[in-house]
Every structure is written in structure tokens, then in C-alpha cells.
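Written below as C-alpha cells is the structure these notes are about.
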Amino acid sequence: MEGESTQKLTEIHVQEARRYALRLFAYVSTVFPSEWSQAWNEIITPDLLEFAFHARKVNEFCKLREETFEPINTLIVKISDNDPGNWEANYHYALNAFVHVNSFILGHSHVDHRRIFEKSEANLQATYVKITTDKFAEKTISISGLVFCFLNNVIPLIRNRYPELKF
């Protein structure tokens, strides 16, 4: 770390990215009735954008751009019908897609094996975001894969590489 102000900025970005990653993990692990889809998307969208911003700043401040992490194209649930395809496997490329985003759609999976809302037309789980950008081909990003990578790979690497950081 170069200087006290850089360290403080890095700590803020790590803390914020972790906070949003944990919230997103809770969201993508939760089953909700299809009738709540619009409201659910309105909750997840700002957190997803905030997470991507802070996680990308962590990459910059901690010089992680050249690090190779496990593929992020993992899902909590299996998509059996209407798989959007073109899953992004690279953590860094996924974060870059958010920087260059033109539009995106949150995708849900049916989780009938966890039918909690019996009167609902469908029980859903937020699973992915399909992004179009001004720079890259359209891609599908696993939300759980993205946040798992941050929580399970990026955080431990930062703790090891920069023990002086407080977060």
C-alpha cells in the first residue's frame, strides 16, 4: 500500500464489497414467490451494482488484475430449461462488464424442489444477470459465482498479501 489515504480507501472498498457480497449471497439463496419478482429485482439491482463497483476498486488498489481465480460460472441451482448460455467464467471480466454495462436483466430459476410459497404460480431464486455492454459481447454472470469468488478467494488473498489492512 502506498500511503495512509490509499490504505484507508482500500479498506473502505473491501468493507463495502464484502457487505454487498454477503447481502447478495443472502438474496440468491432465498426462495421468493414469482409475484414478488419486480420488488425483488429492485432490491438486488442496486446491491449488485454497488458490489461490482467496490470489488473492481479492490482489484485496482490491491493489484489483483493478474490473479487467476476459480471460475465463477457456478450456480447454486441447476437450470434445466431456458439456460441463457454464454456464462462468464472469469471474475475480472465479469466485473469489467458492470463498468461497461448498457443494460442487464436479472434472471431467476424455478426452485420447485424448495416450494415454500404453495399458493404462488412459481417459487423462484435470483440466479444470474445477463449483461450487454458497450465493449464486450453479451454475457451471463452467475451472481453466486461472483460473490463466492470475492468472499472465498479475494478476501483471503488480500488478508495474506496485505496484513496491514483493517477490515
Side-chain angles (χ1 to χ4, degrees), residues 1-30 32 38-77 84-109 125-167:
M1 284 295 118
E2 298 176 23
E4 189 176 320
S5 64
T6 301
Q7 180 174 334
K8 185 61 180 165
L9 280 172
T10 303
E11 291 169 351
I12 289 169
H13 285 299
V14 172
Q15 290 167 352
E16 290 299 297
R18 181 180 56 194
R19 181 166 69 97
Y20 286 110
L22 290 169
R23 288 170 56 129
L24 287 166
F25 174 73
Y27 296 149
V28 300
S29 300
T30 301
F32 62 92
Q38 185 61 36
W40 201 245
N41 289 351
E42 290 171 7
I43 291 170
I44 293 174
T45 297
D47 282 11
L48 186 56
L49 296 174
E50 288 284 345
F51 166 75
F53 168 75
H54 291 292
R56 191 159 187 278
K57 294 305 282 184
V58 168
N59 279 0
E60 291 174 25
F61 282 113
C62 295
K63 299 172 179 53
L64 301 180
R65 291 181 183 163
E66 301 303 316
E67 289 295 324
T68 302
F69 296 115
E70 295 174 20
I72 64 163
N73 55 347
T74 54
L75 303 171
I76 292 177
V77 295
N86 198 26
W87 291 91
E88 178 59 64
N90 185 290
Y91 174 76
H92 304 294
Y93 294 169
L95 292 178
N96 286 341
F98 283 97
V99 172
H100 296 280
V101 67
N102 280 337
S103 66
F104 71 90
I105 299 169
L106 281 170
H108 307 123
S109 297
Q125 204 166 337
T127 307
Y128 62 88
V129 59
K130 191 170 197 141
I131 292 183
T132 59
T133 74
D134 60 357
K135 242 183 155 168
F136 311 107
E138 181 180 80
K139 54 183 71 191
T140 306
I141 299 170
S142 164
I143 301 169
S144 61
L146 189 64
V147 299
F148 285 176
C149 184
F150 182 81
L151 295 169
N152 295 322
N153 298 105
V154 175
I155 292 284
L157 178 64
I158 293 170
R159 284 195 190 283
N160 186 40
R161 190 177 288 173
Y162 302 101
E164 71 276 13
L165 290 178
K166 296 172 182 70
F167 59 91

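Between the side chain of T140 and the backbone N or O of G85, at least one donor-acceptor pair lies under 3.5 Å. Checking side-chain atoms of Y91 against main-chain N and O of C149 turns up no donor-acceptor pair under 3.5 Å. Counting only distance, with no hydrogens or angles, the side chain of E11 and the backbone of L165 share no donor-acceptor pair below 3.5 Å. In terms of modelled atom types and a separation under 3.5 Å, the side chain of Q125 and the main chain of V28 share a donor-acceptor contact. With E164 contributing its side chain and Q7 its backbone, the two residues share no donor-acceptor pair below 3.5 Å.
A donor-acceptor contact under 3.5 angstrom links the side chains of Q38 and E42, judged on distance only.
Considering only heavy atoms from C-beta on, S103 comes within 4.5 Å of T132 through its side chain. Here the side chains of E67 and R161 are in contact, with some heavy-atom distance below 4.5 Å.
Rounding to the nearest 0.5 angstrom, the gap separating the NZ atom in K57 from the NE2 atom in H13 is 5.5 Å. Atom CG of N102 is separated from atom CD of E138 by 11.0 Å, given to the nearest 0.5 angstrom. Summarising the geometry, atom NZ belonging to K130 is positioned 13.0 Å from atom CG belonging to L106; distances are rounded to the nearest 0.5 Å. Taken to the nearest 0.5 Å, the CZ atom of F167 stands 6.5 Å off from the CZ atom of R18. Once rounded to the nearest 0.5 Å, the distance linking CD1 of I141 with CD1 of I131 reads 3.5 Å. Atom-to-atom distance recorded for F104:CZ and N41:CG is 8.5 Å, nearest 0.5 angstrom.
Around atom OH of Y93, no more than 12 heavy atoms belonging to other residues, nucleotides or ligands sit under 6.0 Å away. Counting heavy atoms of neighbouring residues, nucleotides and ligands inside a 6.0 Å radius, atom CD of E70 does not exceed 12 of them. Counting heavy-atom neighbours within 6.0 Å of I105 CD1, excluding the residue itself, gives a total of 12 or less.
A distance below 6.0 Å separates the ring centres of F51 and F150.
Taking the six-membered ring where tryptophan is involved, the planes of H92 and F69 are tilted, since the angle between them lies from 30° to 60°. Ring-plane geometry between Y27 and W40 is classed as perpendicular, the angle between the planes exceeding 60 degrees on a 0 to 90 degree scale with a lower cut at 30. Ring geometry for W87 against Y128 counts as perpendicular: the plane angle is over 60°, on a 0 to 90° scale with 30° as the lower cut.
Closest of all the heavy-atom pairs between I72 and N90 is CD1-O, 4.0 Å. L24 approaches D47 most closely through the heavy-atom pair CD1-O, 3.9 Å. Closest approach of N73 and E88 over heavy atoms only: CB-O, 3.5 Å. Of all heavy-atom pairs spanning I44 and A126, the tightest one is CD1-CB, 3.5 Å. S109 and T127 get closest at one heavy-atom pair: OG-OG1, 2.8 Å. Residue A55 comes nearest to A17 through the heavy atom pair N-CB, 3.8 Å, listed as atom of the first residue, atom of the second, then distance.
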Original post:
Are V129 and F98 close enough, and set up right, to give a side-chain contact (heavy atoms from CB on, under 4.5 Å), and what steps lead you there?
Top reply: CA-CA 10 Å; V129 59; F98 283 97; 3.8 Å; yes
Subject >> Worked verdict on T133 versus N96 for side-chain contact (heavy atoms from CB on, under 4.5 Å) >> reply: CA-CA 9 Å; T133 74; N96 286 341; over 6 Å; no
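Contact check on K8 versus E4 returns no salt bridge, with no Lys/Arg side-chain nitrogen under 4.0 Å from an Asp/Glu carboxylate oxygen.
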